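Read through the structure below, which is laid out as structure tokens, and then see the notes.
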Amino acid sequence: MLAPVTECLLRLEDEPYGIDDYRSGVPRWCTGCGDNAILTAVQRLCRDEKLPLEKIVCVSGIGCASRFPHYMNTYGFHSLHGRALPVAEGIKMRRPDLHVFVATGDGDCCSIGAAHWIHAIRYNMDMTVLMHDNQIYGLTKKQVSPTSPLGLRSNTTPRGAYLEPLNPLSATLGVSNVSFVAQAVDWIPEVLYQIIAQAFHHKGFSFIRILQRCPEFLPDLFEPWLQDPDKVKLLSHADGIEVSAGLAKTYKNLEAHDPANLDRAREIASVTDPIPVGILYRNSAVPRYEEIRAPDRTFTPAMVKAGLEKEMDKFTIWPAD
Amino acid sequence: MRSHIESTGAGAAKTKPAKPKPARRASGANHENKPDDVKADAMELAPSAATETGSGADAAAGPALRPALLAGYRNLAALRHDFPLLLVAGEGGEGGDGWVRSLSGMIDGILQDIAPQGAEGEALRRQLLGLEREVRALVSRGAGGSLSELWTRAAKQLRGVGDADASSVADNLARARNALRLDGAVIDCDAESPAKLFSHAWTTMQRAKTRAVLDEINELVLGLSDILKADFMRSDAARAPAALKGAVGTSYEAEFDFDALSRLLTDASPRDALPEPRRRRIGAALSVLQAQRFFAPAVAGEDNGEGLYSFAFESCEKAREALQDRLPAMVALIKAIAIAELEIENRYKAATHDAFFESFDENTLTPEGWALFPTYLICLRDAALDAAETATLIELLSSSLPMKIMLQSDDILAGPALGPGSLALGTPSTRLANMAVGLGGAYVLQASGASLYRLRHRIRSGLEYAGPALFSLFSGAGPTTPGLRPYLAAAAAEQSRAFPVFSYNPAAGRDWASRFSVADNPQAAAAWPVQHLAYEDENHQRLSEDVAFTVLDFVACDRRYGEYFSAVPRSEWHARMVPAVESLTGEAGGAPEATPYLLMIDESDALQRVVVDHRLLQAARRCGETWHSLQELGGIDNSHAKRLLESERELWEQEKAREIEALRGQAAPAPPEPAVEQALPAAVAEAPAPEVAAAEAEEAPPSDDPYIETARCTTCNECTDLNNRMFAYDDNMQAYIADPDAGTYRQLVEAAEACQVAILHPGKPRNPDEPNLADLIERAADFE
Ligand SMILES: Cc1ncc(C[n+]2csc(CCOP(=O)(O)OP(=O)(O)O)c2C)c(N)n1
Ligand code: SF4
Ligand code: SF4
Ligand SMILES: [Mg+2]
């Protein structure tokens, strides 16, 4: 703050936020949908970080997951299918002071939005990306998605999916300038919260793939993993996820993994069973596009206008008087 | 003047009739390849190769005699010293002490960067040092301009001199020039240099600050404009068909139905407009920010068109008036900034903030608030200091206002006072600095023009200090020492204690030890600095002795004091003649019958003894006392500290004596202390093992009550949809059993079955009369 008095006045009027302040409306997701857990984790984080409502923007594309901004009592942009990331980049570029969360589905991100996804990783702009991966197109009622398992029967693959699924973690870890990659599952809220919190604090493009249950169309998809906690491998590290005593009672399959180790991160990413959960990779030294391209000074509307006029004048033909 | 005498170590002098023979401790070569920031090096004067060529000889005709210790400095322009200086232009000079560089330091830096070690780099070193000499000579002859211009001129002349290989000279100098990354005005040490140097330092620092503040102000302008613009975009005016048409432009206007578009936008988007008071508040703050005149944009023409305030003055009175005039505008700007910041953060609360800003005035301005604004630079010459101006100066120094006052004296002796029998050295203006230190709240630096480069960090701290600052400077450029170049005269004043260096920085700490320093003086711990003088006698025998440089030596350079000195022919030298310093330092002013003399040299460098008038000796003694009290303040030979030390030592000695006495009296040994180890184990044994207790607490046996592992709940709504009185969410939006009796056992079991993460445990039935209990209990068994 430039004026010293502002700090004093702000301190005087410090307002606490409750979780309800961040909630808006009743989610229209199906009962039992994993999206609810993700929404709750983000709302808890906003409250714990005391983020002012007007300093948050949630951006999404199209899909069940993309209804996310409607349920946050903050700024939001429910954009076009696959276009959440470029919209978020524009917001961050012009308003670096805002906290940007992106909610996107597996179809939204890895299918129609795949090109934007790759370049967003490379741009490494500061935002928290929640990729709700239910391995299906939910909103349009069960079409195959790029992450659907081989053989999955859907409305577009009645004889079963023909291709091996795309691995969003491996794909992200393969792009230059990648700076934060994590995997979470919606059904371990404590870890989900920790991962989102760390992603939020990471300065750069934080990509979290969240395995998300769609009880409506794929009620049994994650059943084996829900039944058997040993099929989930928690990645723990002082710089990563802290496994609490309560958690360790249920989840005994642990691996110490240093998020600075990119090679090991890539190996871990390629394993799908047991599901690795935790922070695979983090590198806070990667440059951010919004900083690289930040103007060296601020241009007020008057300065922009004056600059344009000056340029235009070069081409103006003044009638001889 | 540590520069000349102290580091050279030896003046060159002879007694008649021997030929001059510079006594060299080291040639100029030992100054090569040392970085700029090795302070001593930049300050060092040493006869260099140029002595022999005689280029840039001191043109001024000196008085017949000068102090013997100044023998080696006749041709200043031929000696490497820290003048001329480069006032670094542009952003290259911002940050730290980068605003000023010495020519020698820069040349050394370039050599270090590009000249290969050893013989290979020798030619380049020689040529570049030649160029430095040429530039110094040009500047000493009065040539001005930027370093790049002077470099070009000097390089041209060097090529003209006819080096064996002219093209290698050109190549080498071109290479060196590529390595020269800075440019700016080059100044010599003269009557103008203090003002030039201070204006430059101040401008450089202000520029960096202004740029930062202006950028933040622009940020606020942008933020407020955005709020108003967003509000406008939601207004009916912005959605009117005509406005929409204007926004689309003429090329495609035929493609749109602007009436329909207007209707659609009006119906579909929110209507909430900014409340009128808020809009007005934002508008008012915005116009204050846009019309401010304190901070000039880096790019000309990007300002508000109105005249910007100037902050450089030539009188304290004018500076004070200007500040008074601007005070309301300052207050308005700070207020607008604070309002803008609150508005942009969406934290302006009319209920409390309105009243606060209503009563916001200059008394509400904090030191931090003041610190945002540019400081005021006032460059004064003591000759123009009348009583009123002096009074204002003192008033400003006693205030907390950011007034940076550079007070320059060209003459610190001001002629012999004409009172009968008494003689006082110094002028009223030179005593101002001593007085300003006493004020306590002002930054004070006293220094001569010769030390400005060496003390650049002190200049910066003074300019950065939040309150007032006085820089009292002696330029050395007075008309009464025509035999000495200003650099030499200034340095001589410092070295002789006539104008000692001291600094007082109230921001450096709370006590004198942190604030006050005389450490920047040559041989600061000594009463008078002593140098080694080497000379030859009639038989060409080399002799040497230690000679003090006192205020008498400085006064002897001033032609107004001629009558106080008289040279004694060698034939009349006698045994009672003593060096004048002895009668300055001796307890009772030396033996009464002694004849004090100074060692001086004439124009052919022949050594002379010059007897000093007793009135002048008295004045010089007073000068020595003033220096001594400065030393004490600076912690050197401090009498309070010494007394304290003495009394502490006495106490300590008494204490020790008592102890020894007591030991002697003690015959029997003391009883042994009880063994601590024996007591310990029992205490430890009583404490329970903490791990076990914790483990037991965690493994609480499940009760018959229903429960949810709340921390694992995924907020999936299954249970809450089933019965939202029985199941509810906590503060983290995770489910718990709010009331087990708000529903049936069946609901508990069904919720457990629906819970995909299986964290809901129905417990045992609470109502034994509920139907189908046996079946439910069996189903519930899966969730125990
Ligand atoms: C350009 C475009 N193409 C197709 C669609 C139809 N569509 C809507 S949502 C969707 C897929 C959503 O799947 P996903 O991103 O995985 O989100 P989910 O509903 O599973 O959360 C599709 C193809 C569209 N809305 N826009
Ligand atoms: S269809 Fe699937 S993904 Fe969409 S809301 Fe329902 S459960 Fe969730
Ligand atoms: S059914 Fe289970 S996971 Fe869902 S809200 Fe209830 S307790 Fe939480
Ligand atoms: Mg999906």
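Numbers restart at 1 for each chain; the letters A, B, ... are given by sequence-line order, proteins then strands. Since the structure is predicted, the reported quantities are computational estimates derived from the model, not experimental observations.
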Heavy-atom pairs under 4.5 Å with chain A: which of B:D215, B:V213, B:N717, B:V221 has the most?
B:D215

May I ask you to check if A:R44 and A:Y193 form a cation-pi contact, with NZ or CZ under 6.0 angstrom from the six-membered ring centre and within 45° of the axis?
yes

Which answer fits A:P4, side chain, backbone, both or neither, if we ask what part of it has an atom under 4.5 Å from a heavy atom of chain B?
side chain

Parallel, tilted or perpendicular for A:H70 and A:H78, by the 30°/60° rule?
perpendicular

So that I can tick it off, tell me whether B:E341 and B:R347 are bridged by a salt bridge, with the cut-off set at under 4.0 angstrom between side-chain N and carboxylate O.
no

Counting heavy-atom pairs under 4.5 Å to chain A, which of B:T720, B:D226, B:I339, B:L333 comes out on top?
B:D226

For A:T74 and A:E54, run side chain to side chain donor-acceptor pair (under 3.5 Å): C-alpha distance rounded to whole Å, both residues' side-chain angles, the deciding distance at 0.1 Å, then the answer.
CA-CA 6 Å; A:T74 64; A:E54 68 279 4; over 6 Å; no

Residue part contacting chain B, namely of A:L226, when any heavy atom lies under 4.5 Å
side chain

So what's closer than 4.5 Å to chain A heavy atoms on B:Q734: side chain, backbone, both or neither?
side chain

Does any backbone or side-chain atom of B:F360 lie under 4.5 Å from a heavy atom of chain A? Answer side chain, backbone, both or neither.
side chain

Can you tell me which of A:L2, A:T6, A:T300 forms the most heavy-atom pairs within a distance under 4.5 Å of chain B?
A:L2

Counting heavy-atom pairs under 4.5 angstrom with chain A, the leader among B:L372, B:T366, B:I759, B:I334 is B:L372

Would you mind checking if B:E343 and B:R281 are paired as a salt bridge, meaning a charged N to carboxylate O distance below 4.0 Å?
yes

Which one wins on heavy-atom pair count under 4.5 Å against chain B: A:I19, A:T250, A:D48, A:V191?
A:I19

Lys/Arg-Asp/Glu bridge criterion (N-O < 4.0 Å) met for A:E89, A:K92
no

Should the pair B:Y348 and B:H353 be assigned to parallel (<30°), tilted (30 to 60°) or perpendicular (>60°) ring geometry?
perpendicular

side-chain contact (heavy atoms from CB on, under 4.5 Å) partner of B:T715, the single match among A:D186, A:T40, A:D35
A:T40

Step by step, would you call A:Y71 with A:N36 a side chain to side chain donor-acceptor pair (under 3.5 Å)?
CA-CA 10 Å; A:Y71 309 135; A:N36 289 295; over 6 Å; no

Are there residues of residues 748-758 of chain B whose heavy atoms fall under 4.5 Å of chain A's heavy atoms? If so, which?
B:Q756, B:V757

Side chain, backbone, both or neither: which part of B:D721 has an atom under 4.5 Å from a heavy atom of chain A?
side chain

Is B:D231 salt-bridged to B:R279, going by a charged N under 4.0 Å from an acidic O?
yes

Check each atom of B:F356 against the heavy atoms of chain A and say whether the ones under 4.5 Å are side chain, backbone, both or neither.
side chain

Pick whichever of A:G32, A:P215, A:P27 has the most heavy-atom pairs under 4.5 Å with chain B.
A:G32

Exercise: do A:Q227 and A:E223 side chains pair donor with acceptor under 3.5 Å:
yes

Indicate yes or no: does A:K231 engage A:D228 in a salt bridge with an N to O separation below 4.0 Å.
no

Would you mind telling me which of B:T352, B:L365, B:I217, B:I337 has the largest number of heavy-atom pairs within less than 4.5 Å of chain A?
B:I337

Taking only residues two or more places apart in sequence or in another chain, which ones pass side-chain contact (heavy atoms from CB on, under 4.5 Å) with B:D361?
B:N363, B:T364

Looking at chain B, which one of A:P301, A:A3, A:P219, A:G307 has the largest number of heavy-atom pairs inside 4.5 Å, strictly under?
A:A3

